[in-house]
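Along the sequence shown, the residues carry numbers beginning at 1. Remember, it's 1-based here, ligands and their atoms both numbered in the order they're listed.
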Amino acid sequence: MGSNSDYNPFTMNNPLNPEEFRRQGHMIVDFLADYYHNIPNYPVLSQVEPGYLQKRLPSFAPFGPESIETILQDIKQHIIPGITHWQSPSFFAFFPSSGSTAAFMGEMLSTGLNVVGFNWLSSPAATELESTVMDWLGQELKLPKEFLFSGHGGGVMLGTTCEAILATLVAARDRTLNLIGRDNIGKLVVYGSDQTHCAVQKAAHIAGFHPKNFRAVKTSRSSSYSLQPQSLLKTVQNDIRNGLVPCYLCATVGTTSTTAVDPVGALCHVAKEYGMWVHIDGAYAGSACICPEFRSLIDGVEDADSFSLNAHKWFLTNLDCCCLWVKDPNSLIKSLSTNPSYLHNNASESKGVVDYKDWQITLSRRFRALKVWMVLRSYGVSNLRNFLRSHVEMAKTFEELVKKDKRFEIVVPRNLAMVCFRLKPSLSSDSDANEMNRKLLDSVNESGRVYMSPAMVEGMFVIRCAVGATLTQEEHVIMAWNVVQEHATALLLNNY
Ligand SMILES: *Cc1c(COP(=O)(O)O)cnc(C)c1O
């Protein structure tokens with residue numbers, strides 16, 4: 001048992017021994033507090049080679065027990081080197097995974113209580129807190145009343161946006177098929193843009209849509225890669241001429257590659273004309289809509305059927321938590337409800353309660369509402385707004401720095417806290433420019449000082465700098481730009 005002289009075999013017989021729980025819990029909290037303290041010292045992008053861990057760990061699980069001390073030692077020695085530090089202040093890749101003390105405490109409570117809230121009776125507080133917090137958050141986003149429980153709609157907390165898209169797509173599918181007959185699934189068409197998240201195409205595949213009936217409507221740089229209503233209209237009309245049936249549109253507020261914002265109102269106008277379900281995917285940018293100055297991003301949402309955002313991206317809520325609001329919960333329930341005898345209970349029969357199992361793909365579900373409730377209460381809406389604004393300001397600073405260096409260009413005007421930039425192609429052909437930018441990004445990331453990630457738009461390799469890690473301060477953004485410049489200078493020297 002290593003150095004743990006307090007080892008007592010009897011504690012092993014009770015895996016929830018309260019005193020042992022207290023002791024180990026404090027150790028882990030201390031470990032994490034030290035981690036957050038030391039995080040700027042780690043290379044942001046993990047530097048290990050594939051297969052590194054298999055080489056270091058035994059090939060078989062231990063037969064006998066090991067102490068927490070021994071295990072923690074291994075975490076420090078073998079796990080931490082293989083971590084890419086999403087909580088690092090110099091993490092600018094993908095979209096942020098913004099964590100917070102409040103969300104961590106909520107997560108800890110949720111994990112500690114460890115309830116499985118599939119229906120109301122299985123833990124009334126889990127369901128009722130979720131409904132309350134979804135209404136709170138919906139109000140702060142100025143969602144129309146129809147999306148709130150207080151207005152006959154409602155919200156649910158899922159794991160990820162992929163689940164929100166699949167759940168709403170299945171509801172849309174069944175709604176349309178109920179009108180035109182179940183045999184016609186091969187005629188249903190799903191729409192998005194060429195910037196829409198791959199989750200939509202995957203959901204269409206899972207939900208049984210014909211593989212040829214997913215439309216990625218083309219966007220262009222001149223309209224900042226947002227989906228144009230005219231392009232959607234033409235595509236829809238063409239499908240109708242071919243005997244197909246429009247079913248579902250996913251409009252995105254803040255696309256993953258470039259944070260493009262599809263014009264929600266105008267797109268709903270087209271989609272509604274053809275009876276489509278409209279989902280608004282605000283995975284990243286949706287959170288910003290609690291700030292009055294950014295709310296216009298979702299203007300027109302009143303004409304959509306559903307809206308979702310990932311609280312685990314930019315709302316200080318540790319993974320996972322996707323918030324989904326729908327106007328007509330019954331359309332979800334019709335498609336996703338189950339009623340096995342082993343879940344029968346009077347509360348559910350009464351129809352007077354929410355059974356969230358019927359709003360989602362999975363049966364078992366975590367008590368996520370605790371996290372978001374604690375975030376909202378611990379920080380208050382005012383601090384949450386300021387937190388979001390501070391990232392937007394830091395991204396502005398980064399953008400200004402890029403603009404000052406004539407070797408670089410901003411690829412599309414910045415929305416919120418993400419800057420898309422690249423070395424200008426002026427010195428070379430477009431494919432050479434891609435090669436140059438790829439090399440630049442690789443060398444920047446290999447330095448371990450910052451981590452940014454790429455996107456390909458219209459064949460163009462762009463570097464994305466997404467500001468949003470909880471610990472990021474202006475100094476980190478300035479340092480990030482210095483790192484990019486240093487590596488660009490070195491690269492250009494070597495190439496010319
Ligand atoms: C991140 C993202 C998703 C996917 O989110 P998951 O929660 O990982 O499923 C979908 N859409 C957009 C616009 C995103 O940025």
Side-chain angles (χ1 to χ4, degrees), residues 84 86 91-99 103 155-170 190-207 214 216-217 219 224-227 248-264 267 278-289 294 297-298 301 304 306-325 360-362 365-366 368 371-372 388 391 395 412 415-420 452-457 462 464-469:
T84 290
W86 285 67
F91 183 96
F92 301 102
F94 312 111
F95 280 133
S97 168
S98 69
V156 57
M157 292 177 182
L158 306 174
T160 67
T161 295
C162 288
E163 296 169 57
I165 288 173
L166 181 56
T168 52
L169 183 60
V170 166
V190 176
Y191 299 85
S193 81
D194 55 6
Q195 302 300 311
T196 299
H197 197 276
C198 60
V200 178
Q201 194 165 4
K202 182 167 173 174
H205 176 66
I206 297 171
F214 173 75
V217 179
T219 62
S224 288
Y225 302 107
S226 65
L227 174 55
Y248 184 91
L249 166 68
C250 179
T252 309
V253 173
T255 59
T256 315
S257 291
T258 66
T259 338
V261 175
D262 295 340
V264 171
L267 291 170
V278 182
H279 178 72
I280 311 299
D281 174 5
Y284 159 73
S287 300
C289 296
F294 302 131
L297 292 172
I298 55 168
V301 67
S306 49
F307 170 71
S308 63
L309 62 80
N310 277 347
H312 62 244
K313 273 187 173 151
W314 202 19
F315 206 71
L316 288 179
T317 303
N318 297 39
L319 193 73
D320 55 1
C321 185
C322 172
C323 299
L324 166 69
W325 290 265
Q360 60 176 27
I361 308 298
T362 62
R365 60 200 317 278
R366 312 177 60 235
R368 296 187 181 90
K371 275 192 292 203
V372 182
L388 294 156
H391 291 147
V412 282
N415 276 329
L416 300 170
M418 215 263 281
V419 181
C420 287
M452 297 180 192
S453 61
M456 286 298 283
V457 274
V462 302
R464 301 162 70 266
C465 175
V467 181

query: Which of the numbered atoms in ligand 1 are below 4.0 angstrom from a heavy atom of Asn310?
result: 5 (O), 6 (P), 7 (O)
task: Provide, to 0.1 Å, the distance between atom 4 (C) of ligand 1 and the closest protein heavy atom, together with that atom's residue and name.
output: His197 NE2, 3.4 Å
message: Against Tyr284, only a single residue in Val253, Asn310, Thr259 fulfils side-chain contact (heavy atoms from CB on, under 4.5 Å); can you say which?
response: Thr259
- line: For Gly254, the atoms of ligand 1 under 4.0 Å from one of its heavy atoms are 13 (C)
task: State, yes or no, whether a side-chain contact exists between Lys371 and Asp320 at a heavy-atom distance under 4.5 Å.
output: yes
- prompt: Side chain, backbone, both or neither: which part of Ala283 has a heavy atom under 4.0 Å from ligand 1?
  reply: side chain
- line: Ranking Glu163, Lys313, His312 by closest non-hydrogen atom to atom 2 (C) of ligand 1, top hit is Lys313
task: Would you mind listing which atoms of ligand 1 come within a distance below 4.0 Å of any non-hydrogen atom of Phe95?
output: 15 (O)
statement: The reported gap from CZ in Arg464 to CZ in Phe94 (rounded to nearest 0.5 angstrom) is 8.0 Å
Trp314 and Leu309: CA distance, side-chain angles, deciding distance, side-chain contact (heavy atoms from CB on, under 4.5 Å) verdict: CA-CA 9 Å; Trp314 202 19; Leu309 62 80; over 6 Å; no
query: At a 4.0 Å threshold, what atoms of ligand 1 neighbour a non-hydrogen atom of Thr252?
result: 13 (C)
query: Which of the numbered atoms in ligand 1 are below 4.0 angstrom from a heavy atom of Thr161?
result: 4 (C), 5 (O), 6 (P), 7 (O), 9 (O), 10 (C)
Part of Thr160 within contact of ligand 1 (heavy atoms, under 4.0 Å): both
message: Distance alone, cut at 3.5 Å: any donor-acceptor contact between the side chains of Tyr225 and Ser193?
response: no
task: Could you tell me which atoms of ligand 1, counted from 1 in the order shown, lie closer than 4.0 angstrom to a heavy atom of Cys162?
output: 9 (O)
query: Between Thr252 and His197, do the side chains contain an N or O donor and an N or O acceptor separated by less than 3.5 Å?
result: no
- request: Could you tell me whether the side chain of Leu324 reaches within less than 4.5 Å of the side chain of His279, counting heavy atoms only?
  value: yes
message: Could you check whether Thr219 and Asp194, counting side-chain N and O atoms only, form a donor-acceptor pair closer than 3.5 Å?
response: yes
- request: Report, in ascending order of atom number, the atoms of ligand 1 lying under 4.0 Å from any heavy atom of Asp281.
  value: 10 (C), 11 (N), 12 (C), 13 (C)
